[in-house]
Q: 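Next up is a structure, given as structure tokens.
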Amino acid sequence: MAEELNMQKIEAKWQKKWEKEKIFEANPNNKKKFFINFPYPYLNGYLHLGHAFSSVRVDVMARYKRMQGFNVLFPQGWHYTGTPVWAAAQRIKEKEPKQIKMMKAMGFLDKDIGKFSDIQHWADVFVPAAKDDFSKLGNSIDWRRSFITTSMNPPYDKFVCWQFRKLKEKGLVVTGEHPVVWCPKDNMPIGDHDRGEGEGETTQDFIWIKFRMKNSDLILMAGTTRPDALYGQTNLWVDPKGDYVVVKVKDEKWVVGKEVVDKIKNQYCPEVKIVEKIDPKQLIGQWVKGPLVNNEIHILPAHFIKSNIGSGIVYSALEDPVDLYELKKIQSDKTYIKNFNLDEKEVKRLKPIFIIKVSGMEENLGESIGKEFGVKSDKDVNQLEVAKGELNKRVFRKGVMNSNCGICAGKSVPEAQIILKKKLVDEKDAIMFYELSGKVVCRCLTPAIVKVVSDQWYLKYGDKNWKKSTHKELDKMKLYPEAVRPQFNYVLDWLNDWACTHHHGAGTKLPWDNKWVIESLSDSTIYMAYYTISHLIKDIPEDKITDELFDYVFLGKGSGKKEWKKLKEEFEYWYPIDIRSSGKDLVQNHLSFCLFNHSAIFPEKQWPGGFSVNGWLLVNGEKMSKSKGNFFTIREMLEKYPADVIRANLMFGGEGIDDPNFDFSNVDLLIQKLKNWADFATTNYKTAKGSKEETNSDLIFQHHLNGCLKLGSEAMENMMFRTAFDKLFNQMQRALKDYINRGHTNQKVINDFIEIQTKVIAPFCPHITEEIWEKLGNKGFISLAKWPAADESKINPKFDQEEQIIEKVASDINNILKIVLEKQGVKKTKAYIYVLPNELNLYNESIDLIKKKTNLEITVFAVNDKSKYDPESKSGKTKPGKPAIHLE
RNA sequence: GCUGGGGUACCGAAGCGGUCAAACGGGACAGACUCAAGAUCUGUUGGCUUAGUGCCUUCGCAGGUUCAAGUCCUGCCUCCAGCACCA
């Protein structure tokens, strides 16, 4: 027995050796290269187990490729761009109690917390901590190339500026306007996770249609989400008790609800002015003319209209059950008509115009849905709301515009909406308007509004040509797993222009417009290229880092300076990136942005080789969260468990796009298994007893070994690390167990196995395997040893069959034993197995196995051995693969 | 609501037209070893049966295609991720 292993001690030992020998510092040479990494984490605290999963996945691949003889580069940087840390620093400056409590929870002393009011201090604390965590986890990172983002790191800052100037030269950064959820007090947008209340709420697109009043210069603005229904407009609704005003907007006079004036100010026209109040009575009964149809329509009162919601005015289309039943009420109520001074003839004349056909429904949609939901009158408010919602759903999914709908005839409703929005806005018959989908409150407790930000800078991801070349890039790329391709294809088409600048936060200032800071997803799209030179650029004086340098290094433009040559060589050697690995949540933004920016800036030969996408780490089957109490930082895990075990258990937790699960119940088991292996390998290498000749038993074992090795290597290649670990460790161990149980071992076979087994788990458990490797008498690192190739000539399915035969015989014997004992109460101690002569060897070599499984004395006879075979016995007949059995 | 990916025995998970009562790993139960525990090894783990067999019921739910369906098609339920200016 070897002395008890202290895994933690071993890990420190090997980490020191790796560092001393610089074996993970990768420099260009004449070997084939392999460049892999994952997005730099945002360091607003200590790294957690989820980061461990992402990094170890990359590390296992890096180590596997290294053992395959590749020159592997695995660098690691850290992200500081954006608002969270910046805002937290502000809050510490303001001594906000909640933030201070959070810092205390992270373990900082009162006297030190104040220092975190400077974002640089966050980096000073968390960057070394993160490096330490990843190193202790055994990640094979080239730390010389590490860097942080933002203006805290001037060379990187200049790199991002260069990137943006390139994009601008190509016309891919443009200004525009867009709606954001906005805090009027802080005067900045409130991101979804940055709210006091209202997470998940977004801005909703509305369109305000202009209805021009007859014999007047007034325009009534009616808000809607359904421009398609304009073809069926019958009248306008106003709130008879509402407060309406006339406002001057640019050179038009609009009639809107009094309370919506501020919204117009924020979203459309900052100079909007109220001209006068207007009584709704002055509006009711008037005639207006809306777009798309030629007839004029009436203005009618409706109790369900509120002048402070939307624009305060709505147009009516009688396919809507709410409108329909309201009109029915008015038509049948003479006093009402009289009270409002309406023209009875005109009111009675109104009836639904059928503009949309929905399969499975009658022509009169409002009537039809009303009946279905049991609506009797306008008083059934609840049913009406439900019916309206259901109808909208059906219309959106199945509705087709009728022939009376002009340019939209025959189109689906969603298509018609897109066409009409554009047409109406272009022809100045409408403006886009936005509302919050629900209540949002800023952290400063101010209710949020929607603001349309103008002169915002965009990356033109909506550009058709850009999309096209990005698709081409995607098509060429390898995806791990391939199943994510449909999602990528969808996202590339769906992505629209991206607001790439912010008012506040840490980052790089937009080079040509200093009031903007480049937003955090946009400064991280091509920085993998920066890793190739990040260690060298540190030696170049800041003022010598120019666009010419980047042009020369990355694009091969110009003749370049002598001291830039090395940078260019590094870039051209390492680029493109071979695999970028990330969580599935980043498919729709970061990874897709990475594709877009590469296709814009780099030539085709430097487009990424592959993306790997994985799920989100669960702990004991649950999402990791601080509130659930199952949140683990890497450092606290490393205090309790060996890195090799954490690594292996993470990788065995899951693969592909499914969420992997870190199951604590496996941890002790894994520690035991690894220690057992270390013990077995070191005690049996070159000392095990056994024959020299190769027997059937050896062949069966080698069959399994090579089978596992083949499947395991394939899984490694595809980053399917659960399968890989299963084949390369669990299954191989099973094969070894069976081999030993057979009782015929061979020293050379055992030696080979020990070497192979130790090597193939090295990417998962690098420390303990280094230790074993050293104890076996090897001089170099196992991290640099050659990955074993499967010997396919040793794989022969016939061995599987033979094994099954032996299994079956053993299980048959057990079955019979049980029955005999139950029925007759007799205990048997010996079994005689009668086999065909050509099977004798197979059985004799497996005799120990059968013994072990049955706990009997076993004797095997060939059937031609007449002296031992009693044909009168009721044990049955011997056939190929099916021996006769006799128990005594 | 939309887009993509899932739902398999106690749990995790393979299988993607017949060789499937369903690999593999945990767990549980029983046995061997041990003074004992742990570790290790062996067996059992849908039901009923049988001197080594045969049958029945199962792979989210409900239908369908087929001589044959976890495996293909349709509808539904349900879980995960994303749905934008945000890391």
Q: Can you identify which nucleotide, out of B/rG5, B/rC85, B/rU42, has its nearest atom closest to the A/Ile657 side chain?
A: B/rG5

Q: Apply the side chain to side chain contact (heavy atoms under 4.5 Å, CB included) test between A/Val484 and each candidate in A/Leu591, A/Val613, A/Asn614; give the one that qualifies.
A: A/Val613

Q: Rounding to the closest angstrom, what is the interatomic distance between B/rG38 and B/rA30 at atom P?
A: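 Nearest-Å result for B/rG38 against B/rA30 at atom P: 13 Å.
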
Q: We want to know whether A/Gln731 and A/Asp726 form a side-chain donor-acceptor pair, criterion being a heavy-atom distance below 3.5 angstrom.
A: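 Side chains of A/Gln731 and A/Asp726: pair found under 3.5 Å.
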
Q: Within the 4.0 Å heavy-atom criterion, would you say A/Lys851 contacts the bases, only the backbone, or no part of the nucleic acid?
A: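 Nothing, no nucleic acid heavy atom in range.
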
Q: Among all residues two or more places apart in sequence or in another chain, which pass the ring pair (Phe, Tyr, Trp, His ring centres under 6.0 Å) test with A/Tyr527?
A: A/Tyr40, A/Tyr531

Q: Just to be sure I understand the rule, does A/Gln456 reach a base, reach only the sugar-phosphate, or reach nothing, if contact means heavy atoms closer than 4.0 Å?
A: nothing

Q: Give a yes/no answer on whether the side chain of A/Lys584 brings an N or O atom under 4.0 Å of OP1 or OP2 in B/rG4.
A: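 For B/rG4, neither OP1 nor OP2 has a side-chain N or O of A/Lys584 closer than 4.0 Å.
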
Q: If you assign A/Asp663 and A/Glu519 each to the RNA chain B nucleotide with the nearest heavy atom, which residue ends up on the more 5' nucleotide?
A: A/Asp663

Q: How about A/Asp523 and A/His79: does a side-chain donor come under 3.5 Å of a side-chain acceptor?
A: yes

Q: For B/rA81, does OP1 or OP2 lie under 4.0 Å from any side-chain N or O of A/Lys623?
A: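 Yes, such a contact exists.
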
Q: Quick one: is B/rA87 close enough that its OP1 or OP2 comes under 4.0 Å of any side-chain N or O from A/Asn589?
A: no

Q: Return yes if a side-chain donor-acceptor contact under 3.5 Å exists between A/Asp585 and A/His590, otherwise no.
A: no

Q: Ignoring hydrogens and geometry beyond distance, is a side-chain donor-acceptor pair present between A/Asn597 and A/Tyr461 at under 3.5 Å?
A: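 Judged by distance alone, the side chains do pair up.
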
Q: Assign A/Leu521 to base, sugar-phosphate, or nothing according to its heavy-atom contacts below 4.0 angstrom with the strands shown.
A: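 Since a base atom lies under 4.0 Å of A/Leu521, the category is base.
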
Q: What's the CG-P distance between A/Asn676 and B/rU40, to the nearest Å?
A: 6 Å

Q: A/Trp498 side chain: which of B/rG26, B/rA87, B/rC86 is closest?
A: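 Minimum distance to the A/Trp498 side chain belongs to B/rC86.
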
Q: Looking at B/rA87, I'd like to know if its phosphate oxygens (OP1 or OP2) sit under 4.0 Å from a side-chain N or O belonging to A/Ser520.
A: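 Result: yes.
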
Q: Do you see a donor-acceptor pair shorter than 3.5 Å between the side chains of A/Ser612 and A/Arg580?
A: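 No, because no side-chain N or O of A/Ser612 sits under 3.5 Å from a partner of the opposite role on A/Arg580.
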
Q: Expressed as a whole number of angstroms, how long is the span from A/Asn666:CG to B/rC24:C1'?
A: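 Computing the A/Asn666:CG to B/rC24:C1' distance gives 13 Å.
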
Q: Does the structure show a Watson-Crick or G-U wobble partner for B/rU34, both distances under 3.5 Å? Name it, or say none.
A: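 Across any shown strand, B/rU34 pairs with none.
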
Q: Remember a base hit wins even if backbone is also touched, and classify A/Thr723 as base, sugar-phosphate or nothing at under 4.0 Å, heavy atoms.
A: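 No contact at all - A/Thr723 keeps every heavy atom at 4.0 Å or more from the nucleic acid.
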
Q: Taking only the C1' atom of each, what is the distance from B/rC59 to B/rA13 in whole angstrom?
A: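 It comes out at 13 Å once rounded to the nearest Å.
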
Q: What is the distance, to the nearest angstrom, from the OH atom on A/Tyr458 to the C1' atom on B/rA84?
A: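 From A/Tyr458 OH to B/rA84 C1': 11 Å.
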
Q: Nearest to the side chain of A/Arg734 - B/rA87, B/rG12, B/rC24?
A: B/rC24

Q: Across all strands, who's sitting opposite B/rG4 as a Watson-Crick or G-U wobble pair, both distances under 3.5 Å?
A: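 Answer to the pairing question: B/rC80, which forms a Watson-Crick or G-U pair with B/rG4.
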
Q: Base of B/rG47 relative to its sugar, syn (within 90° of 0) or anti?
A: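 Glycosidic conformation of B/rG47: anti.
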
Q: Measure OH/A/Tyr490 against P/B/rA81 and give the value in whole Å, please.
A: 18 Å

Q: Please give the distance between the P atoms of B/rA81 and B/rG17 as a whole number of Å.
A: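 The same atom, P, in both gives a distance of 31 Å.
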
Q: With rounding to whole Å, what would you report as the distance between B/rG47 and B/rA9 at their P atoms?
A: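 These two P atoms come out 15 Å apart once rounded.
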
Q: Whole angstrom is fine here: how far is it from CG in A/Asp738 over to P in B/rC41?
A: 11 Å

Q: Categorize A/Asn496 for me: base, sugar-phosphate, or nothing, with a 4.0 angstrom heavy-atom threshold over every strand shown.
A: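 Base contact.
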
Q: Please report whether the ring centroid of A/His502 lies less than 6.0 Å from that of A/Trp516.
A: no

Q: Please work out if A/Lys727 contacts a base, only the sugar-phosphate, or nothing of the nucleic acid, heavy-atom cut-off 4.0 Å.
A: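 Here A/Lys727 touches no strand at all.
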
Q: Rounded to the Å, how far apart are A/His79 NE2 and B/rA87 C1'?
A: 8 Å

Q: Would you state whether a donor and an acceptor, one from the side chain of A/Asp812 and one from the base of B/rA51, lie under 3.5 Å apart?
A: no

Q: Given the P atoms of B/rU57 and B/rA69, what is the spacing between them in whole Å?
A: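 After rounding to an integer number of Å, I get 12 Å for this pair.
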
Q: With the side chain of A/Trp494 defined as its heavy atoms from C-beta on, choose the nearest nucleotide among B/rU53, B/rG25, B/rA84.
A: B/rA84

Q: Contact class for A/His502 vs. all strands (heavy atom < 4.0 Å): base, sugar-phosphate, or nothing?
A: sugar-phosphate

Q: Taking the minimum atom-to-atom distance to the side chain of A/Asp659, which one of B/rA87, B/rC80, B/rA84 wins?
A: B/rC80

Q: Expressed in whole Å, how much space separates the C1' atoms belonging to B/rA84 and B/rC2?
A: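 It comes out at 14 Å once rounded to the nearest Å.
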
Q: Could you give the CZ-to-P distance, from A/Phe596 to B/rA84, as a whole number of Å?
A: 17 Å

Q: Specify the separation, in whole Å, of atom CZ of A/Phe729 and atom P of B/rG26.
A: 11 Å

Q: Roughly how many Å apart are B/rA28 and B/rU78, using the P atom of each and rounding to a whole number?
A: 35 Å

